[in-house]
There are 2 protein chains.
Amino acid sequence: MIALKVTIGDVAKKANVSKTTVSRILNENYAHTTAETREKVLMAIKELEYRPNALAKGLKSMRTNVIGIMLSNLKNPFWSTVLEGVEDTCRELGYNLMICNSNENPEMEEEFIKEFQMRQVDGVIINPTCKNPDLYDKLIDQNYPMVIVNRRIQNENAYGVVVDNVKGAYIAVNHLLKYGRKRVAVSLFKNPFVSTWKERLEGYKKAFLANGFTEADYIIMELEEGKDQKEYIKRFLRKHPDIDAIFSTNTMVTLEVIGAIKDMNLKIPEQIAIVSYDETIWSKYLDPPLTTIRQPGYQMGQRAAQSLIDLFQSKSKPLPATVVLEPELIVRISCGAIPKT
Amino acid sequence: MIALKVTIGDVAKKANVSKTTVSRILNENYAHTTAETREKVLMAIKELEYRPNALAKGLKSMRTNVIGIMLSNLKNPFWSTVLEGVEDTCRELGYNLMICNSNENPEMEEEFIKEFQMRQVDGVIINPTCKNPDLYDKLIDQNYPMVIVNRRIQNENAYGVVVDNVKGAYIAVNHLLKYGRKRVAVSLFKNPFVSTWKERLEGYKKAFLANGFTEADYIIMELEEGKDQKEYIKRFLRKHPDIDAIFSTNTMVTLEVIGAIKDMNLKIPEQIAIVSYDETIWSKYLDPPLTTIRQPGYQMGQRAAQSLIDLFQSKSKPLPATVVLEPELIVRISCGAIPKT
DNA sequence: CTGAAAGCGCTAACAT
DNA sequence: ATGTTAGCGCTTTCAG
């Protein structure tokens, strides 16, 4: 038995009114309706189990109440948290969500933007690959409602929600240096496009300079995505046997770093201390419990969804701005300091 | 500068043809078109940067090429993996994805199903709360394209993709018993609705009976969601000081179990062994490295999306069936056995 | 307070 | 090989 499609016309017929009247009542436009007809119509709707066709409504009204989110990675649990924030906010504000995953691939990114536009989503939240600057510029020029999350793009007129990555890296590395580490390496992906990695490197350097070190003290371990990172890290550590701490800018890499250190039979934190992005529910159960930088992912998702929806709901369009959220250092014993507990 | 909406009419005008012709070319219906007009039209499309309005197309054709997925939990990384499988498959097959999260709440679940239907999605993938049997029955009776993942519902005519939970629990507990543990407890959520927990309990019991134990040997630790689980677990362990192993049916609970055991200064695995659902990238880096049951989440997502899309693409409708995937035991030292590496 | 009619952008008979 | 026309289900002027 296939569900019969019941339309606004069926409801109108059943209630002995016009489609117009039904439409008005559906949209809570009660100003022009008596309580009596309202009752009749609502009854008919209930009896027929009528559900408005959102396609038709969207086609006519030019708004779908759907927003799109494009992530670049589903594996990192940070993004689940962001997604949760976005999802909750959408539900509260009456929006539905379309999702896609660029996988850091700029062609995919462009393709998915097109698809979102064809589907007439009211706006998009995007963690950009950062490899499509012309695309971002074009969308912004066209006033396409868009909120950039997590990473920064080179455009003054973008709306964004980010976490302060310079600060996050700074407090991580500063902590290591304050507790006496001298040879602190940073691990990061060799990707000239992504702002987060540039900023975390900047924070790393800033902490060095603030603690009386010089550029000569930087130890930068650049990783290529997709390679066998553990092997590379081991080679790097053998080449730099004086390293006494590692600041890892990525959760997955951190695990490889821990693996490499264990393979080499070095002790954490006695011989090598670790501080890592991002805090997860596992961090405190790892061996050893991990000192991390916590990023407020849920809030990032919330703020992004709110800002986006503001963009097409508020009469006076808010000025372009990037909200900057604060990271937080969670101290555990992987960095050698005594945990606060 | 706001993006002007360019329609099929604009393209037709520019190319000096009718909308029909443009429509045919858009849909690769080249049988009735000369190469020449085809060129003209494709040029016009490119120049105007025309993008078909998917709403209008969907309204007319009664198909949107969108499917919906409803999860019940975004926190557990298992679901990110499933989502990845679904997302990849959708992209490959030309579908877009809407996502929502019931949060185990049956009212939300019902509400979101309605919204998916209003949006005319072609079908849904759902991890059911299992608390809306009438809703599931109704959708199935109406032939609504739907694939149930992870959990089972009480309806013979459902399409499903699950992992064998009886088997997963069986191999976990069997392993503990074979390695000499006598007092193996199982931790699970007190939720009479969810099939996965019932099945994992069944597998636990089955392993006992297969190893010469009796019903009297079961030790069942029932947890309530939302409570302070660590405290409860500690109390339970004090009440049952002879427990020498725990089979945890949930990742989050496992972490609480580890926390509780550490708080009590007991040794894993010497005093208490652990085997846990699910394998994650952290499992091997925990203290101690965790023996787990791995579930093929990515494949679950893939299969679900494929089956769903088959449902409305294949001429001869496939018969209702539930695909059962195989779990796998990953042995590490938390269960006391020597890891295979 | 209510209804008729036009039209959102697209597709698909049915002409030509 | 191409065009005309009639809707898909809804909202919204404009008339009554």
Side-chain angles (χ1 to χ4, degrees), chain A residues 2-42 44-45 48-66 114-115 117-122, chain B residues 2-42 44-45 48-66 114-115 117-122:
Chain A
I2 289 182
L4 282 304
K5 293 283 170 194
V6 17
T7 75
I8 200 171
D10 301 323
V11 176
K13 205 171 295 169
K14 177 132 193 161
N16 273 314
V17 295
S18 72
K19 294 192 291 175
T20 314
T21 302
V22 178
S23 173
R24 284 204 261 255
I25 288 168
L26 278 172
N27 295 295
E28 305 187 323
N29 199 343
Y30 296 151
H32 304 283
T33 328
T34 64
E36 195 185 4
T37 47
R38 190 150 68 235
E39 275 316 302
K40 255 194 324 190
V41 169
L42 291 175
I45 288 174
L48 295 172
E49 296 192 52
Y50 167 68
R51 312 220 185 301
N53 180 325
L55 256 39
K57 178 164 181 166
L59 180 59
K60 184 71 201 176
S61 63
M62 305 303 259
R63 301 167 99 282
T64 54
N65 275 34
V66 174
K114 270 190 207 165
E115 294 192 356
Q117 291 185 313
M118 297 198 309
R119 301 220 176 270
Q120 315 297 119
V121 302
D122 291 340
Chain B
I2 289 182
L4 281 304
K5 292 284 171 193
V6 17
T7 75
I8 199 171
D10 301 323
V11 176
K13 204 172 295 169
K14 176 133 195 161
N16 272 312
V17 295
S18 72
K19 294 193 290 175
T20 312
T21 302
V22 177
S23 173
R24 284 204 262 256
I25 288 168
L26 278 172
N27 295 294
E28 305 188 322
N29 198 343
Y30 296 150
H32 304 283
T33 329
T34 64
E36 196 186 2
T37 48
R38 190 150 68 233
E39 275 317 302
K40 255 193 326 191
V41 170
L42 290 175
I45 287 174
L48 295 173
E49 296 193 51
Y50 167 69
R51 311 221 185 299
N53 180 325
L55 255 40
K57 179 166 179 165
L59 180 57
K60 182 70 201 178
S61 64
M62 305 303 260
R63 300 167 101 282
T64 54
N65 275 34
V66 174
K114 268 188 208 167
E115 293 191 356
Q117 292 186 313
M118 297 198 309
R119 301 221 176 268
Q120 315 297 119
V121 303
D122 291 340

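As a basis for the values below, the full set of heavy atoms in this structure was taken, side chains included, without hydrogen atoms, waters or symmetry mates. Residue numbers begin at 1 in each chain, while the letters A, B, ... track the order of the sequences. All values reported here derive from a predicted model rather than from experimental measurement.
Residues A/Leu26 and A/Val11 have side chains not in contact (no heavy-atom distance under 4.5 Å, counting atoms from C-beta outward). When side chains are defined from C-beta on, A/Lys14 counts as touching A/Leu48, because their heavy atoms get closer than 4.5 Å.
Rounding to whole angstrom units, NZ of residue B/Lys5 and C1' of C/dG7 are separated by 17 Å. Rounded to whole Å, atom P of D/dT11 lies 12 Å from atom CG of B/Leu59. A straight line from CG of A/Asn27 to P of D/dG9 spans 17 Å, rounded to a whole angstrom. Counting to the nearest Å, the C1' atom of D/dG3 and the CG atom of B/Asn16 are 13 Å from each other. One atom, CE of B/Met62, and another, P of C/dA12, lie 12 Å apart when rounded to the nearest Å. Between the CZ atom of A/Arg63 and the P atom of C/dG9 there is a distance of 16 Å, rounded to whole Å. Nucleotide C/dA12 holds its P atom 12 Å from the CG atom of B/Leu26, rounded to whole Å. Straight-line distance from the CD1 atom of A/Ile25 to the P atom of C/dC1: 12 Å, rounded to whole Å.
Going from atom CZ of A/Arg51 over to atom OG1 of A/Thr7 covers 14.0 Å, rounded to the nearest 0.5 Å. Atom OG1 in A/Thr33 sits 11.5 Å away from atom NZ in A/Lys40 (nearest 0.5 Å).
Regarding contacts with the backbone of C/dC1, every side-chain N or O of A/Thr34 stays at 4.0 angstrom or more from both OP1 and OP2. Checking the phosphate oxygens (OP1, OP2) of C/dA12, no side-chain nitrogen or oxygen of B/Ser61 falls inside 4.0 Å. Residue B/Lys57 has no polar side-chain atom (N or O) positioned under 4.0 Å from OP1 or OP2 of C/dG9. Listed pair A/Thr20 / D/dT11 fails the phosphate criterion, with no side-chain N or O lying under 4.0 Å from OP1 or OP2.
When each of D/dC8, D/dG3, C/dG3 is scored by its nearest atom to the side-chain atoms of B/Ser18, the top-ranked nucleotide is D/dG3. The listed nucleotides are C/dC10, D/dG9, D/dC10; the one nearest the side chain of A/Ile8 is D/dC10.
With hydrogens and angles ignored, no donor-acceptor pair under 3.5 angstrom links the side chain of B/Arg51 to the base of C/dG9. In this model, no side-chain donor or acceptor of B/Lys19 finds a partner on the base of D/dG3 within 3.5 Å. For B/Lys60 against D/dG7, a side-chain-to-base donor-acceptor contact under 3.5 Å is present.
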Could you walk me through whether B/Thr21 and B/Ser18 pass the side-chain hydrogen bond (donor to acceptor under 3.5 Å, both in side chains) check? CA-CA 5 Å; B/Thr21 302; B/Ser18 72; 3.3 Å; yes
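Between B/Asn53 and B/Arg24, the residue anchored closer to the 5' end of DNA chain C is B/Asn53, taking for each the nucleotide with the nearest heavy atom.
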